[in-house]
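Inspection log for the structure reproduced underneath, given as structure tokens.
Atom set for the values below is all heavy atoms of this structure, side chains included, hydrogens, waters and symmetry mates excluded. Nothing here was measured: the structure is a model prediction, and the numbers come from that model. Protein chains get the first letters and strands the later ones, always in sequence-line order, with residue 1 at the start of each.
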Amino acid sequence: MAAKLNEIILHNTLSNRVEPLAPMHPGEVRIYTCGPTVYSFAHIGNFRTFIFQDVLRRFFRLRGFRVLQVMNITDVDDRIIHNAAAAGVPIREYTEKYIKAFLEDIDALHIEMPEELVRATDHIDDMVALIEKLQAKGLTYNSDGSIYFRISKFHDYGKLSKIDVSGMQAGARRVDVDQYEKDDARDFALWKSPKSGEHFWETRIGAGRPGWHIECSAMAMKYLGDTIDIHTGGVDLAFPHHENEIAQSESATGQPFVRMWLHAEHLIINGQKMSKSLGNFYTLRDLFAKGYKPSTIRFLLLSVPYRRQLNFTEDGLIQAKNSVERLRNFVARLQAEQFAAGSNPEMEKRIEKADAEFDAGLADDVNTARALAAIFDLVRDVNAAMDRHEFLQQDAPRAVAAMEKFDSVLAVLVDDDDQKLRGLGIATSKVQLAVSQIEALIEERNAARRSRDFKRSDEIRRQLSDSGILLEDTKDGSVRWKYK
RNA sequence: GGCGCGGUCGCCAAGUGGUAAGGCAAAGGUCUGCAAAACCUUUAACGGCGGUUCGAUUCCGCCCCGCGCCUCCA
């Protein structure tokens, strides 16, 4: 399916094909995103998915849509309860640290804050109300104080993941990993009775804690309505998590729960799935500590279209870093270099072409590779035009504006990596120099060069280099600097 | 076993029934006190075997290889 002019097409897991975006509320797109479970630091695989949904929402906004996005934070689950108990602290206190880390991480990666970032433990009442609704319809049963959803009562079960649930009972894998008693192995817990010593809530439906799936249904519908435009998450969540969300929500409301399901493919590392046993499990902080920049990681994670598995490698990081450099160098050149007066209509046309191609790429199921190619094409053509002196002074602001527009989606052009890393307490250079110090040293070096004191000028160049500052002597005699 | 995804230059990665984007790397060049950086240019690719077709990397079949999901999972 080819996109018509201005149409945004997206791949919907439910139909397994691309469909045009058609929000329920004109001019506004409502998105629910499965956020992190804060039992530990999020890993880069998580951020692949979060960066995808960030690119998506940024593109919607560039297209003039209002975005209402809800992201949940799952701050109660088995691992959290277990870890908090082991640490001897209340779960709320245990998760605080990881929520804070998550917020810092998304800030470092320029992932925009969703309009609503909501915690599961702040919505117990909403979950209880939803469970009561399901109980009233006779879709649940109690067992050992826990409440289960009876899947046999929902005939569309499996429509998202296309899974054959009838085979699950005799499945090749173990079926019942839970210690709770269930009528049918396929049924899932809406509400779990407390085990001894565990944190629990005293509610109208009894003491206990919510199951994972009910959290998302309750919070999504509370903020976004019974039917949501877009629900995003990692591919692994399609079954059973999203399947269960559909069963609960549609049973409760009788309405379609989600119009478009968007699933981001997984990231693998050196050809293998991330796992702790293989020792290839990276958090963002691991990578920052190894010297990689936030912009490098963001670029790498967004450069591969979201429905393609991304093989995360050291080489990939180097390539991403250099690609970002090329874009930043281009903008720096546009801003610093002096061009002949006037404007070249050809340049204006060329920039408009890039703009259209960038947009078309993203409108085609968020094809970031296509969108990036449009930018790099422009960079090369404009650089060549500048070399040929066909690029004029009035063209520069137009080109800068185009790059800034592209960056409203990419968010990698502004060189604030050093600042972001320092904010996380990670020092990036051996000697930290203030911008004013750097500029003073450059001025001193320029003076030395003018008096042909190359010994002194090379000394300053080395000193700056040791502090992570790279100098670039340009053709017109000016000097640019940047962080390595 | 069931379901699904993918194999395009050295690496990453678009795309198409008829001249195969882009990035990184490499090579050459421009610039420079030197150097670096930057920029330009160039090179080079559709897993295998059949089939359909005037023509297949693109459609169909089989095979080989890699990966994912099948109630922890982004």
Side-chain angles (χ1 to χ4, degrees), chain A residues 16 33-37 39 42-53 77-79 158 161-165 167-168 170-178 182 185-189 212-213 232-241 243-244 263-268 271-275 299-300 303-305 307-311 313 315-316 318-327 329-330 332-333 337 357 361 364 367-377 379-380 383-384 386-388 449 452-454 457-458 461 465 470-477 479-482 484:
Chain A
N16 196 29
T33 299
C34 282
T37 301
Y39 68 101
H43 56 70
I44 51 170
N46 294 309
F47 289 112
R48 202 277 239 255
T49 303
F50 297 141
I51 285 177
F52 156 63
Q53 55 82 17
D77 87 326
D78 288 341
R79 291 163 297 188
S161 53
K162 320 289 185 290
I163 207 148
D164 178 10
V165 288
M168 281 173 60
R173 289 181 122 222
R174 69 200 165 128
V175 162
D176 189 3
V177 296
D178 214 320
K182 297 190 277 190
R186 303 171 297 168
D187 294 340
F188 57 91
W212 176 33
H213 315 299
T232 67
V235 280
D236 53 316
L237 296 187
F239 186 87
H241 183 52
E243 203 72 69
N244 292 348
H263 288 106
E265 252 301 343
H266 273 175
L267 174 155
I268 55 178
Q272 292 184 300
K273 186 178 178 177
M274 275 191 301
S275 78
F299 186 90
L300 176 57
S303 65
V304 178
R307 289 208 296 133
R308 188 184 176 107
Q309 238 175 33
L310 190 159
N311 188 14
T313 62
D315 198 43
I318 294 166
Q319 294 181 12
K321 177 181 191 294
N322 291 336
S323 299
V324 172
E325 277 304 306
R326 179 164 169 81
L327 298 176
N329 288 334
F330 176 63
R333 184 178 183 188
E337 201 161 310
E357 287 175 350
D364 177 16
N367 189 334
T368 46
R370 248 183 89 181
L372 286 172
I375 301 175
F376 282 107
D377 275 335
V379 169
R380 188 195 55 242
N383 270 323
M386 289 192 277
D387 289 352
R388 290 193 306 265
R449 290 176 75 205
R452 305 192 67 78
D453 180 359
F454 297 122
S457 84
D458 289 352
R461 184 163 68 195
S465 174
L470 190 64
L471 296 188
E472 183 182 332
D473 295 333
T474 62
K475 281 180 195 138
D476 61 11
V479 178
R480 286 212 299 264
W481 66 272
K482 62 188 177 188
K484 284 184 192 167

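Of the residues in residues 46-53 of chain A, those with a non-hydrogen atom less than 4.0 angstrom from any atom of RNA chain B are A:N46, A:T49.
Judged by atom type and distance alone, A:Q309 does not reach the base of B:rC5 through any side-chain donor-acceptor pair under 3.5 Å. Counting distance only, with no hydrogens placed and no angle test, the side-chain atoms of A:D364 and the base atoms of B:rG15 include no donor-acceptor pair under 3.5 Å. A donor-acceptor contact under 3.5 Å links the side chain of A:R461 to the base of B:rA35.
Remark: A:A238 pairs with A:L160, A:H263 by the side chain to side chain contact (heavy atoms under 4.5 Å, CB included) rule, at least two apart or across chains.
Residue A:R388 is classed as having no contact, given no heavy-atom separation below 4.0 Å to the nucleic acid.
Comparing the P positions of B:rA45 and B:rG55 gives a spacing of 24 Å, expressed to the nearest Å.
Closest contact between the side chain of A:D473 and the listed nucleotides B:rC34, B:rG15, B:rA37 involves B:rC34. Distances were taken from every side-chain heavy atom of A:R186 (C-beta onward) to each of B:rC39, B:rU71, B:rA36; the shortest belongs to B:rU71. The side chain of A:R480 approaches B:rA38 more closely than any other nucleotide in the set B:rA38, B:rC12, B:rA21.
Between A:K484 atom NZ and B:rA38 atom P the separation is 13 Å, expressed in whole Å. Here B:rC69 presents its C1' atom at 15 Å from CG of A:N244, a figure rounded to the nearest Å.
Comparing A:L267 and A:D315 against RNA chain B, the residue whose closest nucleotide sits nearer the 5' end is A:D315.
Base-pair partner of B:rU30: B:rA38 (Watson-Crick or G-U wobble, both distances under 3.5 Å).
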